Number of protein chains: 2
Amino acid sequence: MPHKATREQIVAAADQLFYQQGYEYTSFADIAAAVSISRGNFYYHFKSKDDILEAVIQLRLSNTQAMLELWASQGQTAQERVRCFIQLLIRNRAKIALYGCPVGTLCGELAKLEHPALNDANQLFRLFRHWLRQQFESMGHRTQADALAMHLLARSQGIATLAQAFQDQTFIEQEAEQLDIWLTQLGTH
Amino acid sequence: MPHKATREQIVAAADQLFYQQGYEYTSFADIAAAVSISRGNFYYHFKSKDDILEAVIQLRLSNTQAMLELWASQGQTAQERVRCFIQLLIRNRAKIALYGCPVGTLCGELAKLEHPALNDANQLFRLFRHWLRQQFESMGHRTQADALAMHLLARSQGIATLAQAFQDQTFIEQEAEQLDIWLTQLGTH
DNA sequence: GTCTATATAATGATAGAC
DNA sequence: GTCTATCATTATATAGAC
């Protein structure tokens with residue numbers, strides 16, 4: 001494998017550490033140790049910690065966009081495509097029980113810090129919201145599509161929050177099943 | 001016992017600041033400024049910052065317990081009592097849009113910090129969970145009562161998370177109405 | 001590009017005067 | 001009980017050698 005650019009390694013390590021420890025609690029020393037570079041070398045690639053946060057958010061936006069496009073191509077029906085979203089909860093249940101949802105916990109932290117990057121971070125939510133709304137429109141729920149998208153997002157966020165608080169993966173599985181039922185009933189209306 | 005109020009003032013100020021800014025981000029200087037005492041005076045009343053966190057959690061546990069007992073005495077039926085819980089979302093919608101749910105955001109932060117106090121903090125969730133379970137049992141949902149309690153908790157957490165991320169109070173009102181409908185349908189089964 | 005060394009500010013925490 | 005003064009540590013960030 002070719003040597004990955006240092007800048008990308010920093011962003012990848014920060015992405016992971018911001019998720020696991022939170023933005024505020026993660027220090028340059030933590031990231032430096034993960035990438036095996038010196039603290040001083042950071043400022044060749046980024047001008048501040050906020051700058052790294054911006055890069056992490058952009059990386060997540062890019063990854064999310066790619067994932068949504070993949071789901072759009074994988075599912076035959078809109079219902080199957082929405083099921084990809086629900087399946088993501090189950091697939092990531094171990095990490096969710098430890099660190100919560102990467103989107104929800106980041107937005108929550110940035111809101112409390114009154115950090116200006118909140119408006120970039122919640123763009124992650126907007127990507128999911130817009131994509132889900134399209135699927136619900138495809139299912140015939142024209143007027144309620146956005147409300148349904150927000151509802152599903154909220155349901156998944158709540159599942160992640162309680163799973164993390166109780167450190168319980170199985171709750172995710174139980175509630176994901178309820179979401180499946182909810183989605184099925186939505187398709188028969 | 002002169003100036004006994006100081007300790008309580010510290011806990012009250014920390015309670016508010018931990019909610020608004022988060023535990024990690026709130027410094028002794030912040031709390032000291034709110035109470036108008038010196039930083040050094042802190043350590044007469046508490047031996048560490050973790051100690052203040054413990055006191056804050058105990059205060060919240062005590063307040064929550066009192067609120068649940070009040071709800072238990074106010075509602076004629078179990079359904080009315082659960083409605084008190086839903087109404088709390090609406091009543092606190094302005095603060096929730098700014099700071100999220102005080103229980104969910106604290107547990108989420110402590111989980112990421114791997115803070116030992118997480119097990120005390122999520123006792124707040126357990127209080128609500130147990131109280132809600134009792135109400136659902138009262139409604140005749142004997143076997144599913146705990147699952148219903150967890151479901152309602154998750155729903156409210158998700159509402160708070162999205163309301164905070166989008167800084168949108170009206171979403172809380174919309175989803176609370178959905179919860180009301182859900183609760184009504186639950187009573188007719 | 002990466003390093004060491006350092007500047008500067010803030011943190012949690014302690015000691016001792018009053 | 002409260003204060004001032006101070007400690008050790010850590011944080012982000014900068015300067016300059018190589």
Side-chain angles (χ1 to χ4, degrees), chain A residues 1-58 106 109-110 112-118 120-121, chain B residues 1-58 106 109-110 112-118 120-121:
Chain A
M1 266 301 186
H3 179 67
K4 205 156 108 188
T6 300
R7 188 196 147 95
E8 287 169 25
Q9 281 184 297
I10 292 173
V11 176
D15 179 32
Q16 193 172 314
L17 286 168
F18 289 171
Y19 176 41
Q20 296 174 347
Q21 305 183 336
Y23 171 70
E24 175 72 20
Y25 189 58
T26 298
S27 67
F28 277 85
D30 293 331
I31 306 171
V35 188
S36 295
I37 59 168
S38 70
R39 290 198 308 280
N41 190 12
F42 265 104
Y43 295 87
Y44 175 79
H45 302 280
F46 300 94
K47 74 177 208 289
S48 69
K49 190 181 177 185
D50 289 354
D51 230 42
I52 300 179
L53 174 62
E54 276 303 329
V56 167
I57 293 173
Q58 291 306 316
L106 179 62
E109 180 179 3
L110 296 181
K112 294 221 177 198
L113 301 179
E114 294 186 279
H115 198 290
L118 172 61
D120 298 306
Chain B
M1 31 189 109
H3 282 244
K4 181 192 172 188
T6 299
R7 189 194 147 98
E8 288 167 26
Q9 278 183 296
I10 292 173
V11 176
D15 179 32
Q16 192 173 315
L17 286 167
F18 289 172
Y19 176 41
Q20 295 174 348
Q21 306 184 336
Y23 170 69
E24 175 72 19
Y25 189 58
T26 298
S27 67
F28 276 85
D30 292 331
I31 306 171
V35 188
S36 294
I37 59 170
S38 69
R39 290 200 307 281
N41 190 12
F42 266 105
Y43 296 87
Y44 174 81
H45 302 280
F46 300 94
K47 74 176 207 292
S48 71
K49 191 182 176 184
D50 287 356
D51 230 42
I52 299 179
L53 175 61
E54 276 303 328
V56 167
I57 293 173
Q58 290 307 316
L106 179 62
E109 180 178 3
L110 296 182
K112 294 222 178 197
L113 301 179
E114 293 186 280
H115 198 290
L118 172 61
D120 298 305

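Side chains are part of it too, since the values below use all heavy atoms of this structure and drop only hydrogens, waters and symmetry mates. Keep in mind that this is a model prediction, so the values were computed, not measured. Proteins come first, then strands; the chains are lettered A, B, ... in the order of their sequence lines, and each starts at number 1.
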Side chain to side chain contact (heavy atoms under 4.5 Å, CB included) involving Gln58(B) - partner list, sequence neighbours excluded:
Glu54(B), Leu61(B)
From the set dC3(D), dG1(D), dT2(C), return the single nucleotide nearest to any side-chain atom of Tyr44(B).
dG1(D)
Is the shortest side-chain heavy-atom distance between Leu106(A) and Leu53(A) below 4.5 Å?
yes
Partner set under side chain to side chain donor-acceptor pair (under 3.5 Å) for Asp15(B), not counting sequence neighbours:
Arg60(B)
Please encode protein proximity along nucleotides 11-18 of chain D as a string of B, S and -, counting only heavy-atom distances under 4.0 Å.
SBBB----
Where the side chain of Thr6(A) is concerned, which of dT2(D), dT2(C), dT4(D) is the nearest nucleotide?
dT2(C)
Under the salt bridge (Lys or Arg N to Asp or Glu O under 4.0 Å) definition, can you give me all pairs with a residue in residues 40-52 of chain B, not counting sequence neighbours?
Lys47(B)-Asp51(B)
Without placing hydrogens or testing angles, list every side-chain donor-acceptor pair under 3.5 Å for residues 25-40 of chain A, not counting sequence neighbours.
unit_1: Thr26(A); atom_1: OG1; unit_2: Leu17(A); atom_2: O; d: 3.3
unit_1: Thr26(A); atom_1: OG1; unit_2: Gln21(A); atom_2: OE1; d: 3.2
unit_1: Thr26(A); atom_1: OG1; unit_2: Gly22(A); atom_2: O; d: 2.7
unit_1: Ser27(A); atom_1: OG; unit_2: Ala29(A); atom_2: N; d: 3.4
unit_1: Ser27(A); atom_1: OG; unit_2: Asp30(A); atom_2: N; d: 3.2
unit_1: Ser27(A); atom_1: OG; unit_2: Asp30(A); atom_2: OD2; d: 3.3
unit_1: Asp30(A); atom_1: OD2; unit_2: Ser27(A); atom_2: N; d: 3.1
unit_1: Ser38(A); atom_1: OG; unit_2: Asn41(A); atom_2: N; d: 3.4

Once side chain to side chain contact (heavy atoms under 4.5 Å, CB included) is applied, do any residues pair with Gln16(A), and if so which ones, sequence neighbours excluded?
Gln20(A)
Starting at CD1 of Ile31(B) and ending at P of dA10(C), how long is that distance when rounded to a whole Å?
17 Å
For Ile10(A) and dG1(C), what is the distance between atoms CD1 and C1' respectively, to the nearest whole Å?
11 Å
